[in-house]
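Input: a single structure, listed below in structure tokens.
Predicted model only: the values in this text are computed from it and were never measured. Naming convention: chains lettered A, B, ... in sequence-line order (proteins, then strands); numbering from 1 in each chain.
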Protein chains: 2
Amino acid sequence: MGLQDILLSLLREPMSGTELIHFFRGTIHHFWQTDLSQIYRALEALDREGYVRAESMPSSKGPARKEYRLTKKGRTRLAGWLRQKAVVPPHKFEYLAKIFSVTADAHPRKRALELMRSMRGEVIDAVVQLEAIEHLMSATPGFPNDMPANMFYPWLTLHHGLMRRRALLEWIDESIVRIERRSSEADNAGESGCPADLQRMLEDYRAETEPFSQESHRS
Amino acid sequence: MGLQDILLSLLREPMSGTELIHFFRGTIHHFWQTDLSQIYRALEALDREGYVRAESMPSSKGPARKEYRLTKKGRTRLAGWLRQKAVVPPHKFEYLAKIFSVTADAHPRKRALELMRSMRGEVIDAVVQLEAIEHLMSATPGFPNDMPANMFYPWLTLHHGLMRRRALLEWIDESIVRIERRSSEADNAGESGCPADLQRMLEDYRAETEPFSQESHRS
DNA sequence: ACTTAGTATATGCAAATGCATATACTGAAA
DNA sequence: TTTCAGTATATGCATTTGCATATACTAAGT
């Protein structure tokens, strides 16, 4: 239900769906990707359950705008949400999966470099976008640490996006160098199978932690 | 269908579901979280569509193990997958959403610090785990850059996990300092609403890029 | 013999996701 | 005056998730 809470947090002043969608871009969207159909659905659910109240405002352009306004109940929920912890999210990073198994390819080094470079392009585009926004914000008095709270905290999240992507870029560039410096033999010789050594190596480790172990469900 | 491809990439030597699950932990799991039910489902689909062939091996302990073996078709698919680009994945980082809107709380500074510290604990745990695995790998001859290819590329992905999380930690620690240094007035005074300035500021930006815009679907 | 623990493979299901498409209304262009 | 482009809100639907639970078989304890 994360999206619902996020919408509540943005509705401290009444807004319509489209306004929320616009606000998302350039702010929340950098750490919470979603699409407009989900926003409208979430708003409908919030309205249905009484966290917001929708008010139709006839619009001069297009169909009636619906303005959403926080209710008492919504404010309570928002306060509770802010007090709760969250979790650092998992991800599904397909690029890494390919690099992990790149020895399944006939030309591991070439393939790995291709993957790295393609990733690099994507990340740079994202960094450029974030930098553009940060540049807009840098005109604010007190930038960054002494900006008004309602600019400062959003900036922190933007800055996170930048640091995270710059770290990724750094890893990519380091990795490209590492790969280029490896001898051709190292990449092409050896068993091309799954790293059996690694597998053995991990047996000890496995004993200690347990991601998806089948919890005994009777007790 | 990412998981299916990943499983193919691990099946360069035949394995059973449980073996794959074990291998996942400590390697793939750090950048591709999933659970065992999904692995079995994916294996079933791969078998049904002829990418792998399952072979039941009566086991001395428990029910018959099913060994999955790549077919020609599977090998072809794997090769194709490795040649394709991927995308840097989106994420849903609820912590950041809370920090973004922390001014909705009565005590933004206090709340923000709580969130940061709770996040910090999580990240440190993850770093410790990854470091333990890297330490195991560090015994390999040639570590890191001249290890055999089937250790080197997996290590790259592990190292990515470490760098990414260390960057997050760095951001958290920087942010804690920034927040602590802000004057109390800065955090509590000012309008507590949504950052209207930010909203205005983003209007220009919006013109240029377009995340979820409603593409005109006739043309 | 009978329960319990352990291993291995699966199923059920509600919710979330992503993407395409529909509806509805306005103002301007052809 | 019909068509088009734009704005705003929604619906449809197949797929993917996450989590809980089921099934099936073995080996040991008691």
Starting at [atom1] of [X] and ending at [atom2] of [N], how long is that distance when rounded to a whole Å?
{"X": "A:Glu55", "N": "D:dA8", "atom1": "CD", "atom2": "C1'", "answer": "17 Å"}
{"X": "B:Trp32", "N": "D:dG18", "atom1": "CH2", "atom2": "P", "answer": "11 Å"}
{"X": "A:Ile39", "N": "C:dC19", "atom1": "CD1", "atom2": "P", "answer": "15 Å"}
{"X": "B:Arg65", "N": "C:dT7", "atom1": "CZ", "atom2": "P", "answer": "14 Å"}
{"X": "B:His91", "N": "C:dA16", "atom1": "NE2", "atom2": "P", "answer": "20 Å"}
{"X": "A:Phe23", "N": "D:dA8", "atom1": "CZ", "atom2": "C1'", "answer": "20 Å"}
{"X": "A:Ile21", "N": "D:dA8", "atom1": "CD1", "atom2": "P", "answer": "10 Å"}
{"X": "A:Leu36", "N": "D:dG6", "atom1": "CG", "atom2": "C1'", "answer": "15 Å"}

Among [options], which nucleotide has an atom closest to any side-chain atom of [X]?
{"X": "A:Arg41", "options": "C:dG18, C:dA10, D:dT9", "answer": "C:dG18"}
{"X": "B:Thr18", "options": "D:dA8, D:dG18, C:dA8", "answer": "C:dA8"}
{"X": "B:Gln38", "options": "D:dT9, D:dT17, C:dT9", "answer": "D:dT17"}
{"X": "A:Tyr40", "options": "D:dG18, C:dT9, D:dA8", "answer": "D:dA8"}
{"X": "A:Ser37", "options": "C:dT11, D:dG12, D:dT17", "answer": "D:dG12"}
{"X": "A:Asp35", "options": "D:dT17, C:dC19, C:dA10", "answer": "C:dC19"}

- Task: Answer yes or no: does a side-chain N or O of A:Lys92 lie under 4.0 Å from OP1 or OP2 of D:dT16?
- Result: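 No, no such contact exists.
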- Query: Judged by atom type as modelled, is there a donor-acceptor pair below 3.5 Å linking the side chain of B:Ser9 to the main-chain atoms of A:Ser101?
  - Reply: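 The answer is no, because no donor-acceptor pair under 3.5 Å joins these two groups.
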Got a list of side-chain donor-acceptor pairs under 3.5 Å for residues 37-49 of chain B, not counting sequence neighbours?
| from | atom 1 | to | atom 2 | distance (Å) |
| --- | --- | --- | --- | --- |
| B:Ser37 | OG | B:Asp35 | OD1 | 3.2 |
| B:Ser37 | OG | B:Asp35 | OD2 | 3.3 |
| B:Ser37 | OG | B:Arg41 | NH2 | 3.4 |
| B:Gln38 | OE1 | B:Thr34 | OG1 | 3.4 |
| B:Gln38 | NE2 | B:Asp35 | OD1 | 3.0 |
| B:Tyr40 | OH | B:Thr18 | OG1 | 3.2 |

- Task: Quick one: list whatever passes ring pair (Phe, Tyr, Trp, His ring centres under 6.0 Å) with A:Trp171, sequence neighbours left out.
- Result: B:His160
- Nearest-nucleotide wise, let me know which of A:Gly17 and A:Pro90 is further upstream toward the 5' end of DNA chain D. A:Gly17
- Message: Which label fits B:Phe93 and B:His91: parallel for a plane angle under 30°, tilted from 30 to 60°, or perpendicular past 60°?
- Response: perpendicular
- Message: Do the side chains of A:Glu19 and A:Arg65 get close enough for a salt bridge, i.e. N-O under 4.0 angstrom?
- Response: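 Between A:Arg65 and A:Glu19 there is a salt bridge, with a charged N closer than 4.0 Å to a carboxylate O.
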